[in-house]
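Computation of the quantities below employed the complete heavy-atom set of this structure, encompassing side-chain atoms and omitting hydrogens, waters and symmetry-equivalent molecules. These figures come from a predicted structure and were not determined experimentally.
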Amino acid sequence: MTRLLPNIGYYAATLSLLSVAALVFVSHLIEPSIILYVAILMIGTGGTFALLWKKPRLTAGTVFAVAVLLHVIALFGFAAFEDDYFRFIWDGYKTITSGTAYGIAPASYFTDTSIGAPLQGVLGNVNNAELPTIYGPVLQVIFAAAYALGRADPLALRIFFALINLALVALLMKSAGPRNAALYAWSPLAVTEIIIHIHPDAIMAAFLLAGLMTAKRYPLATALFFGMAAGTKIVALAAWPLLARLGWRTIATAVGTVGLLYLPFALQGQGIGFDSTETFATQWYYNAIGFAGFSSLFSPTAARIIAAMVGIMIITIIHARTRSINAISFAAIFGVILLVAPAVNSWYILWVLPFAVGGRAIWPFAAATAIPLSYLTGLNLNDYSLEAFAVHPVAWSAELFIVAAALIYDWRQHRKKKQTTQPITLASTPIAEPKIAVVIPALNEAKSIASVLTGIHGAGWSEGPPTIIVVDNGSTDGTAQLAQAHGATTIREQRRGYGAACLAGIAAVPPETNIILFMDADGSDVPQEALALVEPLIAGDCDLVIGSRALGNVEAGAMTVPQRFGNWLATRLVQWIWDKKMTDLGPFRAIRRDALTALDMQDRDFGWTIEMQVKAVQQNMRIEERPADYRKRIGISKISGTIDGVARAGTKILYVIGREAFCR
């Protein structure tokens, strides 16, 4: 078998070429068999993937030459089981003759005798003719160019789509290498959907890939390409959160690009296709995969809303978990869309396949192999027991089984890899001579500051009493004087904000300090528990210790419902995005000074605690939680005690999480 490996690539090319040629032949039969057609498509696609999976030695010239030959053969095919191209020809005609294809349904022209016979034939075959077009402005320009070249002949569309797809193949070879690119370039399914069936979905993928390839050196070009992608297929917006990593100018350029693409059509006063898009999103149902589960549990409207929310949440988490632009998984992002979408056509897999070729996940290729089963509908099978566009239950079940099995396999492989990968952490040695400083931000805490300081002094520090720094953040009730009278060093920070006070306190700690403990001045924290927080730091076991109220005992009424929910949500987001389990954002915490310096803390108000935790996770610091009891505070809270404070704190915490996830 080893001796055959160098030739496997040529076997894959032969299988792909024979499969596409066979599909072209079957498509021209007087009564082509859909079962035979699907069987050839599945065997050819799955077999080609299997032969190429070992990544045999292939040159760029070989990969591209075979791809060109596949495209040329496919140009002779006939879309026996697809009719979308009639809409494309009609849109091209309307754009050429009236400036826009939007706003007026093709059915409105059924009785127009001025339309010539060739176009009458096209018009009579437009599917969903009662709806105006939904296709984006980039496609409308391509449709118009194809119509100008070939009129009602679909060959012009095939040539345009083939050329664009070959450009995508060239981009893939440059970005992923010839051996990886062959998985897409030689896929019978991709060639069939793009050229024989005449679907434009590879155009969106080409723009997105071009955007990825220019992101590091030319971010504004990335914005332009992403805007063009969204102007091709609105689903490309799922890739746009990536632009946040490139700055606001990039986002503005992408938005401006889409606006300029739609502007010439909008000026015609007939809309830009979103009315039909709404109909598609709210009513169409075809070959649903994961959405079928939502549909079985909820009403039609609720199912679509819930599925959309779940999809948006997962896609957002995928973007947030991405550590660099080069690591973004568009295959996973568009795969989620297919999973929750109420309508999944075979050609939608072209959103996924080009971005899967560089990875080792098998689910995209299994899905590409299985999705031709969706052509086994009541209409294509001439099975009058089924609705015209209902996929046969056996075919749908087989499709679902193949995709589910592949996803489970990939998940198990991911778990195995994760279990064998040891996390990289900062090395810390025990602290031989601990020098501890306690930083206490305070704003009008005269009623509690004395008892807090007394508790710290009496905590039984084996290393000697710590330096206590109370940061007066603009008190008007004598807090600073009371703190000073009870042995604390008092400094004043006029700029309001919890983070600003903490930063001022850090700047004031003695230079020999190697551990800094933060706690509140309102009496809610238990000073005697401070030892449990600093001991792991002294031992060198970790870099940051958080006193977790979720693990300790919370006095009745000490935490409000919004506080509890906010802690739960923020810590869950940290777990989902950075894969680090935490239970609390509590202010009672201790950190080694060298670790704190490495964090380069910046936040000046409510985002201080979450910024510290997220940055510590990002830098692979060792973080531990210790149970911390929590008592009802003395006095009125400036945050949890007011609706405005809760809203501002919650908003800032979410903002910091988003900033660290998307803009780093």
Side-chain angles (χ1 to χ4, degrees), residues 26-27 29-42 78-88 90 105-107 110 123-135 189 192-193 196-199 201 235 275-308 311 337-349 367-404:
V26 173
S27 73
L29 295 177
I30 296 175
E31 292 186 2
S33 167
I34 186 60
I35 294 178
L36 175 62
Y37 193 83
V38 167
I40 295 170
L41 192 51
M42 292 181 66
F78 173 67
F81 304 105
E82 275 300 323
D83 56 9
D84 281 358
Y85 69 93
F86 291 109
R87 168 78 72 164
F88 306 158
W90 178 257
F110 281 167
L123 183 58
N125 285 285
V126 172
N127 59 24
N128 298 294
E130 72 283 359
L131 295 175
T133 188
I134 64 173
Y135 296 101
L189 177 77
T192 298
E193 293 297 355
I196 298 179
H197 295 171
I198 323 180
H199 287 119
D201 296 73
V235 73
D275 46 354
S276 294
T277 301
E278 180 183 357
T279 301
F280 173 83
T282 58
Q283 297 182 22
W284 289 9
Y285 184 93
Y286 173 75
N287 190 43
I289 303 175
F291 180 78
F294 292 100
S295 184
S296 65
L297 294 173
F298 306 102
S299 68
T301 300
R304 290 173 189 266
I305 294 173
I306 294 171
I337 293 175
L338 297 187
L339 189 65
V340 301
V344 180
N345 290 298
S346 180
W347 52 93
Y348 290 177
I349 198 67
T369 302
I371 207 165
L373 289 166
S374 64
Y375 281 107
L376 299 179
T377 62
L379 179 64
N380 289 334
L381 291 168
N382 293 318
D383 186 343
Y384 299 104
S385 65
L386 294 173
E387 294 182 10
F389 295 103
V391 180
H392 194 285
V394 174
W396 181 81
S397 299
E399 184 184 359
L400 185 65
F401 174 79
I402 293 170
V403 173

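- For the pair L189/I349, a side-chain contact is recorded, criterion being any heavy-atom separation below 4.5 Å from C-beta on.
- By the neighbour-count criterion of 12 heavy atoms within 6.0 Å, atom CD1 of I35 is sparsely surrounded, having that number or fewer from other residues, nucleotides or ligands.
- A heavy-atom distance below 4.5 Å is not found between the side chains of V26 and S33.
- In this structure, S397 OG and I402 CD1 are separated by 11.0 Å, a value rounded to the nearest 0.5 Å.
- For E387, the CD atom sits in a loose shell: 12 or fewer heavy atoms of surrounding residues, nucleotides or ligands are nearer than 6.0 Å.
- Scored by the side chain to side chain donor-acceptor pair (under 3.5 Å) test, N128 finds no partners at all (sequence neighbours excluded).
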With ring pair (Phe, Tyr, Trp, His ring centres under 6.0 Å) as the test, would you mind laying out the steps for F78 and H197 before giving the verdict?
CA-CA 7 Å; F78 173 67; H197 295 171; over 10 Å; no

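- One side chain, S346 or E193, offers a donor N or O that lies under 3.5 Å from an acceptor on the other.
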Apply side chain to side chain contact (heavy atoms under 4.5 Å, CB included) to F298 and R304, showing your working.
CA-CA 9 Å; F298 306 102; R304 290 173 189 266; over 6 Å; no

Quick one: do W347 and D84 satisfy side chain to side chain contact (heavy atoms under 4.5 Å, CB included)? Show the steps, please.
CA-CA 11 Å; W347 52 93; D84 281 358; 3.5 Å; yes

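- Side-chain atoms of N287 come within 3.5 Å of backbone N or O of V344 as a donor-acceptor pair.
- Panel note: side chain Y348, backbone A343; no donor-acceptor pair is recorded below 3.5 Å.
- Using a distance-only test at 3.5 Å, with no hydrogens or angles considered, no donor-acceptor pair links the side chain of T369 to the main chain of M42.
- The distance from atom CG of N380 to atom CZ of F81, rounded to the nearest 0.5 Å, is 6.0 Å.
- Around atom CZ of F401, no more than 12 heavy atoms belonging to other residues, nucleotides or ligands sit under 6.0 Å away.
- The backbone N or O of V126 sits nowhere less than 3.5 Å from a side-chain atom of R87 that would complete a donor-acceptor pair.
- Considering all non-hydrogen atoms of both residues, A129 and A105 come closest at O-CB, 3.4 Å.
- Shown here for S374 and Y286, the closest heavy-atom pair between the two residues is O-OH, 2.5 Å.
- Atom CG of L338 sits about 6.5 Å away from atom CD1 of I371, to the nearest 0.5 Å.
- Remark: the backbone N or O of I289 is not paired with any side-chain donor or acceptor of W396 at under 3.5 angstrom.
- Checked by atom type and distance alone, the side chain of D383 pairs as donor or acceptor with a backbone atom of S385 at under 3.5 Å.
- The backbone N or O of D201 lies less than 3.5 Å from no partner atom in the side chain of H199, so there is not a single donor-acceptor pair.
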Would you sort out whether I198 and E82 count as a side chain to side chain contact (heavy atoms under 4.5 Å, CB included), showing the intermediate values?
CA-CA 8 Å; I198 323 180; E82 275 300 323; over 6 Å; no

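- In this structure, Y37 and P32 have side chains that are not in contact, with every pair of non-hydrogen atoms separated by 4.5 Å or more.
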Check against side chain to side chain contact (heavy atoms under 4.5 Å, CB included), V38 and L41
CA-CA 5 Å; V38 167; L41 192 51; 5.5 Å; no

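- Taking the ring centroids of F88 and Y135, they lie under the 6.0 Å cut-off.
- P342 and A288 get closest at one heavy-atom pair: O-CB, 3.7 Å.
- Looking at heavy atoms from C-beta onward, T377 lies out of side-chain contact with L386 at the 4.5 angstrom threshold.
- Between the side chain of S295 and the backbone N or O of F291, no donor-acceptor pair lies under 3.5 Å.
- Between D83 and N125 there is no side-chain heavy-atom pair separated by less than 4.5 Å.
- Atom CZ of F389 sits in a sparse spot, with 12 or fewer heavy atoms from other residues, nucleotides or ligands closer than 6.0 Å.
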